[in-house]
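First the proteins, then the strands, lettered A, B, ... as listed; each starts at 1. Owing to the predicted nature of the structure, the values given are computational and were not obtained by experimental measurement.
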Number of protein chains: 2
Amino acid sequence: MEVTTLTDVTDSATAKGEQTRELILSTALRLFREQGYGKTTMRAIATEAGVSVGNAYYYYGSKDHLMQAYYDLLQDQHRSAVEELLASEKAFVPRMTGVLRTWLEVAAPYHEFAGTFFKTAADPKSPLSPFSDESRPARDAAVEIFRRVVEGSDLKVPADLRAELPELLWLLQMGVVLFWVHDSSEDVRRTRTLINRAVPLVDRLLRLTRIPGVRGVVTDLLGLIHSIKP
Amino acid sequence: MEVTTLTDVTDSATAKGEQTRELILSTALRLFREQGYGKTTMRAIATEAGVSVGNAYYYYGSKDHLMQAYYDLLQDQHRSAVEELLASEKAFVPRMTGVLRTWLEVAAPYHEFAGTFFKTAADPKSPLSPFSDESRPARDAAVEIFRRVVEGSDLKVPADLRAELPELLWLLQMGVVLFWVHDSSEDVRRTRTLINRAVPLVDRLLRLTRIPGVRGVVTDLLGLIHSIKP
DNA sequence: GTCTATAACACGATAGAC
DNA sequence: GTCTATCGTGTTATAGAC
């Protein structure tokens, strides 16, 4: 009985902590969306959430960590938003195009904020860097989406290339995102054009790999990739 | 006579200002190199240069502007360091490889600092962004190097592709630099490997463009590039 | 126009009490 | 887990000297 009570106390304490953690995060994201990352101060987040600055730092080691948490959230949303498409569509081009378009939709509310996000992500020393060890789980989850894009499709490519393809497609997405961050056109039309034209191009390129003369270049490329992996 | 004297005074004043400007910059760069960007304070730069903080801000609007000045300097050094190679070597692969290797050499002392630099550069709102209007002169100068790489070489590619090639090679360099920033291997060996293998691959790829089946993909690619330009 | 000296402000981050 | 007080730093402001 005493044990049970003790457990209950611990549980409720943990639950309360979790509640505070989420309150701080959701408040921060709202303010980021409303006023941008730069103009949102840690003081404002704390005040708005009804906690102290010190408490905010108790849960999130830095302002950047709040951004990191947002990134994880975004990835989660993208994964579930893409579920239906990957279950129904079988052709490579609409699969890949759909995945990229869905990303645009999910990330849209944070387009301006995303600039600051990638600013931090570009720093090799930052745990938010897409190439850092800390973000490996998030990166693996992202690559996993493209593994499913490839596996569930009608794509016919050599086995060795197919194995590297998910990571290469993820890299393509990184490029699209980089373009998107800098895209200030109405309704990010230029990014949409990029997706609409780049994916069929990739598809065409992949079909070419069966031509003997092209095959050698692909082998070289795969060798290059292998040689620069850490 | 009075005019001459007046001019002299103005000139010497300007010269003195220029001297102070350079003193501040060189001091800042030395401290950045020695202790990193983050740990170098504006107060330290001013003290070390023997000027007041206010004076440092008189010449450089912000700490980031000092980084911007470094970038311009780097580009200048790269351009002159590459001069001899471009004058003597005629084959595409050694030309391109040499240009990229030279960049590594010129930038080497600032490898760690470069992380912070690209962090700032990745922000679309920053004037340091390689895609911003403010950095257009610097970008044009960089692309110009690759225009010379192409023009002075024995490369045989279709005219429409050749026209876009300098910008594409510059983009390749951006990729190499991004890789380099994240490369913590001894003597950046992985980046060297990337250059050594990627350039011949590009060369091979460019030769393939004469195959009819491949030609169509190139046309598509050029169309894509054209359609997403602002 | 160039420069000094000093104070002040805002913000990210931390220390230490409770 | 939570708070208040405080620090260090980028940046700005003031008020003037040469």
Side-chain angles (χ1 to χ4, degrees), chain A residues 6 8-25 27-28 31-32 35-70 113 116-117 119-120 123 125-128, chain B residues 5-25 27-28 31-32 35-70 113 116-117 119-120 123 125-128:
Chain A
L6 204 65
D8 281 340
V9 169
T10 309
D11 277 5
S12 89
T14 307
K16 194 187 168 203
E18 215 44 49
Q19 212 175 348
T20 308
R21 172 179 236 109
E22 277 162 29
L23 174 64
I24 292 167
L25 178 59
T27 306
L31 293 180
F32 288 164
Q35 349 174 312
Y37 185 77
K39 281 179 185 162
T40 304
T41 69
M42 288 300 283
R43 285 165 177 82
I45 294 169
T47 304
E48 197 78 3
V51 301
S52 70
V53 180
N55 201 10
Y57 275 99
Y58 177 79
Y59 286 105
Y60 296 94
S62 75
K63 199 179 171 184
D64 283 358
H65 280 75
L66 284 163
M67 206 155 50
Q68 164 86 295
Y70 156 68
F113 166 41
T116 315
F117 175 71
K119 167 183 163 138
T120 309
D123 182 1
K125 279 163 293 183
S126 165
L128 273 79
Chain B
T5 309
L6 204 63
T7 308
D8 281 341
V9 167
T10 309
D11 276 4
S12 89
T14 307
K16 194 186 169 206
E18 217 42 51
Q19 211 174 348
T20 307
R21 171 179 236 107
E22 276 162 30
L23 174 64
I24 292 168
L25 179 59
T27 305
L31 293 179
F32 289 163
Q35 349 173 309
Y37 184 77
K39 283 180 184 161
T40 303
T41 68
M42 289 299 284
R43 287 166 179 84
I45 294 170
T47 305
E48 197 77 4
V51 300
S52 69
V53 179
N55 200 10
Y57 274 99
Y58 177 78
Y59 286 106
Y60 296 94
S62 74
K63 200 179 169 183
D64 282 359
H65 279 75
L66 285 163
M67 205 154 52
Q68 165 86 292
Y70 155 69
F113 166 42
T116 315
F117 173 71
K119 170 183 162 137
T120 309
D123 183 1
K125 280 162 291 185
S126 165
L128 272 80

Completion exercise
In short, salt bridge (Lys or Arg N to Asp or Glu O under 4.0 Å) pairs touching residues 35-46 of chain A with sequence neighbours left out are none
Identify all pairs in which a protein N or O lies below 3.5 Å from an N or O of nucleotides 15-18 of chain D, and state each distance.
none

Is the shortest side-chain N/O distance from [X] to OP1 or OP2 of [N] below 4.0 Å?
{"X": "A:Y57", "N": "C:dA13", "answer": "yes"}
{"X": "B:T20", "N": "C:dT2", "answer": "no"}
{"X": "A:N55", "N": "D:dC3", "answer": "yes"}
{"X": "B:K16", "N": "C:dT2", "answer": "no"}

Between atom [atom1] in [X] and atom [atom2] in [N], what is the gap in whole Å?
{"X": "A:Q19", "N": "D:dT2", "atom1": "CD", "atom2": "P", "value": "10 Å"}
{"X": "A:I24", "N": "D:dG1", "atom1": "CD1", "atom2": "P", "value": "11 Å"}
{"X": "B:K63", "N": "D:dT11", "atom1": "NZ", "atom2": "P", "value": "8 Å"}
{"X": "B:Q35", "N": "D:dG8", "atom1": "CD", "atom2": "C1'", "value": "15 Å"}
{"X": "B:H65", "N": "D:dT12", "atom1": "NE2", "atom2": "P", "value": "10 Å"}

Exercise for the section: Take A:Y59 and A:V51, measure what side-chain contact (heavy atoms from CB on, under 4.5 Å) needs, and give me the verdict at the end. Expected result: CA-CA 11 Å; A:Y59 286 105; A:V51 301; over 6 Å; no
Fill in the blank from the handout: Ranking C:dT4, D:dG1, D:dT11 by distance to the side chain of B:V53, first place goes to D:dT11
Problem - B:S52, nearest nucleotide to its side chain (from C:dA5, C:dG1, D:dC3) - result: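 Among the listed nucleotides, the one closest to the side chain of B:S52 is C:dA5.
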Handout entry: Neighbours of DNA chain D within residues 36-48 of chain B, by heavy-atom distance under 4.0 Å
Key =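 Nucleic-acid contacts, sorted: B:T40, B:T41, B:M42, B:R43.
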Handout entry: Cation-pi geometry met for A:R21 and A:Y60 (6.0 Å, 45°)
Key =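 Flagged: A:R21 positioned over aromatic ring of A:Y60.
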Exercise for the section: Tell me, please, which residues at least two apart from A:S62 pass side-chain hydrogen bond (donor to acceptor under 3.5 Å, both in side chains). Expected result: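 Once residues adjacent in sequence are excluded, the partners of A:S62 under the side-chain hydrogen bond (donor to acceptor under 3.5 Å, both in side chains) criterion are A:H65.
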Handout entry: side-chain hydrogen bond (donor to acceptor under 3.5 Å, both in side chains) partners for A:D64, two or more places apart
Key =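 By the side-chain hydrogen bond (donor to acceptor under 3.5 Å, both in side chains) rule, A:D64 matches A:Y37.
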Problem - Side chains of A:K63 and A:T41 in contact at under 4.5 Å (non-hydrogen atoms) - result: no
Completion exercise
Taken in chain and number order and not counting sequence neighbours, the residues that satisfy side chain to side chain contact (heavy atoms under 4.5 Å, CB included) with B:E22 are B:E18
Problem - Position toward the 5' end of DNA chain C (nearest nucleotide), A:S62 or B:R21 - result: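 By nearest-heavy-atom nucleotide position, the 5'-most residue is B:R21.
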Exercise for the section: Work out which heavy atom in A:A49 is nearest to a heavy atom in A:T27; give both atom names and the distance. Expected result: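 That closest heavy-atom pairing would be CB-OG1, 3.5 Å.
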Handout entry: 5'-most by nearest nucleotide on DNA chain D - A:G54 or B:G61
Key =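 Going by which nucleotide is closer to the 5' end, it is A:G54.
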